[in-house]
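Shown next, in structure tokens, is the structure this report addresses.
The figures here come from the full heavy-atom set of this structure, side chains too, leaving out hydrogens, waters and symmetry mates.
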Amino acid sequence: MSQGPELIITEKDNAARRIADILSGGSAEADRKNGVNVYKWGGKRCIGLSGHVVGVDFPPEYNDWRDVEPVELIDAPIDKHPTQENIVSALRLLARRAGRVVIATDYDREGELIGKEAYELVREVNEDVPVDRVRFSSITENEVTEAFANPDELDFNLAAAGETRQIIDLVWGAALTRYLSLSARQLGDDFISVGRVQGPTLKLIVDREREIEAFDPEDYWELFADLEKAASEDADAASFEAQYFYLDEDGNEAERVWDEDDAERAYETLESSSTADVESVRRRTRTDDPPAPFNTTQFIRAAGSLGYSAQRAMSIAEDLYTAGYVTYPRTDNTVYPDDLEPRDLLDAFSGTRTFGDDADSLLDQEDIEPTAGDEETTDHPPIHPTGELPSHSDLSEDEWEVYELVVRRFFATVAESATWEHLRVVASVAGDDEDLSLKANGKRLVEPGYHAVYPYSNASESFVPDVTEGEELAVTDTSLDAKQTQPPRRYGQSRLIETMESMGIGTKATRHDVIQKLYDRGYIESDPPRPTRLARAVVEASEEFAERIVSEEMTAQLEQDMQAITRGDATLEEVTDESREILEEVFEGLMESGEDVGEHLQKSLKADKTVGECPECGGDLVIRKSRRGSYFIGCDAYPDCTYTLPLPSTGKPLLLEETCEEHGLAHVKMLAGRKTFVHGCPLCKAEEADEQEDLVIGPCPDCHEEHGGELAIKRLRSGSRLVGCTRYPDCEYSLPLPRRGDIEVTEETCEEHDLPELRIVYDDEDREPWDLGCPICNYREYQAEQSESGSDLESVSGIGEKTAEKLKDAGVENVESLKEAEPDAVADQVDGVGPDTVREWQAKAD
DNA sequence: GCAAGGTC
């Protein structure tokens, strides 16, 4: 037996650091090996992986999509190879000398598989070192020491269950994705994908859209009356709104009147009445329990109601976690671990500016019993603050807002229930044949309980005065509202994630990514997401030939099979063989269908980008992308027809259902995050620009002296407006102007530039005009602001927060330096970015 | 270049 150091392997660096800290009593020191952190103390080493450091894939000879028939992938061999070379070689180096290995990956199925992957890497270089497995569900002193005192063995069955999932997902996903892409001749970046999780998620969205389209609205009416309680010695007059109701055939209360004549008859009675008698008053006290601790899904939902997309919420949570302010953000658990001491954690907030008062009031409670949700898992604790507090200046505004949400959610889970007093009043109005009933429901928060520390949940009250049975109220106003039943609402991102969770598809760590993937593939657009024609075609084709790939049943079945493998009642081979046979049958059906699937997909792809009829040749006008990466509208008959229309330079075009009455072309919306706007009919925009004469306002600072150039307010055919030189294109001097509002030239002049000051006036009368001033001075101020706020990289469409960070790391600080950068050099330094992408950004930035 | 699952 070798006497080398003990090697502890965790799933991530963060866990490695904290476990080393606990086991060493704080004496562990970090050392870098191969660019990977290794924590060292006594005879021990601890290294963190980065999730899976090996991946499954087909051998390289299957890489060419055209050379390999998709059906061949079903029985193709599958290799496992390192995907994180530096971590793998650091691990090998340490494992060679180790005298004992302890696998301390996360306590869930995927953690067991990651542990087994580490085990296999260890075995490659060290045949007989003993390998143990420890399991703990939160990294606390108690749990970790306990786990290391009682080591267990790796569960190879559980790991095999995970591998089974990897194989089935790869085979089905790759074979069907390639088949659909090839049949639709979509082989570039715009391939057509399907998979066990994205399939059912997309079908969810498409099915909802189908319901909305099939929806037949129905008319109904509702009646309301304002009732007033007369003033008395102790109180002023008080009025409140009551709604008409009746008992339907089943004896249930109903408010909607489905027949117009009935509604009008009832309204006549109501309108002609000046008083109503209180028939009954009912008071009830209701307790409103505080919410359960945050798991990932509920966190995303709460952040969603603050306006954060699922993707953004997770990215912020990730940052807060890495900085040490909140616990691990990917968890299913809604039950705090036993060793979480609410008082200790509250103490950490006591005395702080933002949270001190609330923490103290919670600490004043006699006993503190945190709430618990339905899910108790072994993966990680629910998301809560760690007790290490950031100061305001450590965080961006968004980060602070999300941090405060997590803190306050923790506060809410240890706070008391709220108490509401409900007051229900029924009054009647006398009619000729029959009396009408009116009801009002009042709600008063008597004990705010957790609402005092958690302002995110609805605590609004509705007022109904204290009335008594038999009291007479005045009818001061009445209304008859004609309404229509509404179609079901589209799924928002957080509803989608909640629904995926309830269907059992995806995981806490992937559901938000899946939604992002659907956007990236061109399957959904806008927010809440709407499916494209392509998405419908993909779902339709799948429903017909590969129903499993769009059904949640595939996951349910896989889950059962994995449980059988875990129990030892089935094997990886049995389950994957059976799955491959089913996929063979799917392919038989697809082959028989001939070209139909491909044609349908191609038609839908084209429909997604067809704007309307070409005014010159009658062909189809479609959205195209120029070589420089900008979008424009061109004729499908190109090169026979060269008709084009420009589009704005910011954002990605989305065609709306609405069409232009004059030209019959679809209206265009430009999607650009917060800068999204409706462009409208592209032909109208072009014509408006053609009709409007340039308005000269003064000398061009670049070329007036030499060539007599002058500045003019111009409208471009793409819809944008600018102040530019009349000698364009010989002189390219230009200043941007806002897209919206009428531009007024005022009497005031800027002496420095000899230009009039401009004012922007809006159609919306409530909106104050904007005194933009001299266009040159204004642009200078704008640029100064941009450079002060740090980076403006994210203003280029296609560059998100993460990419901007990576660019800055590569020395590209702002748009100016991006424009001057060498595309190949940037591409070399930034992961996942090619030179063409850089050129595309440069073109857009211009 | 395909999936889904880890993690950054």
### Query
Can you tell me if A/Ser181 uses its side chain to pair, donor with acceptor, with the backbone of A/Thr177 under 3.5 Å?
yes
### Query
If you look at every strand shown and take non-hydrogen atoms under 4.0 Å, does A/Gln198 touch a base, only sugar-phosphate, or nothing?
sugar-phosphate
### Message
Nearest whole Å is fine: how far is B/dT7 P from A/Arg330 CZ?
### Response
5 Å
### Message
Applying a 4.0 Å non-hydrogen cut-off, can you work out what A/Gln84 is touching in the nucleic acid: base, sugar-phosphate, or nothing?
### Response
base
### Message
Counting the atoms with a prime plus P, OP1 and OP2 as sugar-phosphate, which does A/Trp65 contact under 4.0 Å by heavy atoms, base, sugar-phosphate, or nothing?
### Response
base
### Query
In terms of side-chain heavy atoms of A/Val56, which of B/dG6, B/dA3, B/dC2 is nearest?
B/dA3
### Query
Just to confirm, is there a sub-4.0 Å distance from OP1 or OP2 of B/dA4 to any side-chain nitrogen or oxygen of A/Arg109?
no
### Message
Applying a 4.0 Å non-hydrogen cut-off, can you work out what A/Gly506 is touching in the nucleic acid: base, sugar-phosphate, or nothing?
### Response
sugar-phosphate
### Query
NE2 of A/His52 versus P of B/dA3: gap in Å, rounded?
16 Å
### Task
Using a 4.0 Å heavy-atom cut-off across all strands, classify A/Tyr328 as base, sugar-phosphate, or nothing.
sugar-phosphate
### Query
Between B/dA4 atom P and A/Asp513 atom CG, what is the distance in whole Å?
11 Å
### Query
For the residue pair A/Tyr119 and A/Phe156, is the inter-centroid distance of their aromatic rings smaller than 6.0 Å?
yes
### Message
So A/Val194, base contact, sugar-phosphate only, or nothing? Heavy-atom distance under 4.0 Å.
### Response
sugar-phosphate
### Message
I'd like to know if A/Asp57 reaches the base of B/dC2 with its side chain such that a donor and an acceptor end up less than 3.5 angstrom apart.
### Response
yes
### Message
Check this for me: does any side-chain nitrogen of one of A/Arg45 and A/Asp31 sit under 4.0 Å from a carboxylate oxygen of the other?
### Response
no
### Query
OP1, OP2 of B/dG6 versus side-chain N and O of A/Thr507: anything below 4.0 Å?
yes
### Task
Output the single nucleotide from B/dC8, B/dG6, B/dA3 whose closest atom is nearest the side chain of A/Tyr321.
B/dC8
### Query
Are A/Asp155 and A/Arg133 close enough, and set up right, to give a salt bridge (charged side-chain N to carboxylate O under 4.0 Å, His left out), and what steps lead you there?
CA-CA 9 Å; A/Asp155 183 342; A/Arg133 161 77 160 135; over 6 Å; no
### Message
Using a 4.0 Å heavy-atom cut-off, does A/Ser50 contact any base of the nucleic acid, only the sugar-phosphate backbone, or nothing at all?
### Response
base
### Task
Rounded off to whole Å, could you give me the CD1-to-C1' distance for the A/Ile505 and B/dA3 pair?
14 Å
### Task
Grab the CD-P distance between A/Gln311 and B/dT7 for me, whole Å please.
15 Å
### Query
Checking all strands, does A/Arg196 fall into the base, sugar-phosphate, or nothing category for heavy-atom contacts under 4.0 angstrom?
sugar-phosphate
#### Entry: Euclidean distance, atom NZ of residue A/Lys12 to atom P of B/dG6 [Å, nearest integer]
10 Å
### A/Phe58 side chain, from C-beta outward: closest of B/dC2, B/dA3, B/dG6
B/dC2
### Task
Report the residue from A/Thr377, A/Asp379, A/Thr331, A/Asn333 that forms a side chain to side chain donor-acceptor pair (under 3.5 Å) with A/Lys508.
A/Asp379
### Task
Starting at atom CD1 of A/Ile78, determine the distance to atom C1' of B/dC2, rounded to an integer number of angstrom.
12 Å
### Summary
Taken to the nearest whole Å, CD1/A/Ile549 to P/B/dC2 is 16 Å
### Message
Judged by each residue's nearest nucleotide on DNA chain B, which is more toward the 5′ side, A/Ala175 or A/Asp106?
### Response
A/Ala175
### Task
Looking at every strand, decide which applies to A/Arg66 at a 4.0 Å heavy-atom threshold: base, sugar-phosphate, or nothing.
nothing
### Query
Quick one: does A/Tyr523's side chain have a donor or acceptor within less than 3.5 Å of a partner on A/Ser193's backbone?
yes
### Given B/dC8, B/dT7, B/dA4, the nucleotide with the shortest approach to the side chain of A/Arg165
B/dA4
#### Entry: First of A/Gly51 and A/Ala174 reached from the 5' end of DNA chain B, by closest nucleotide
A/Ala174
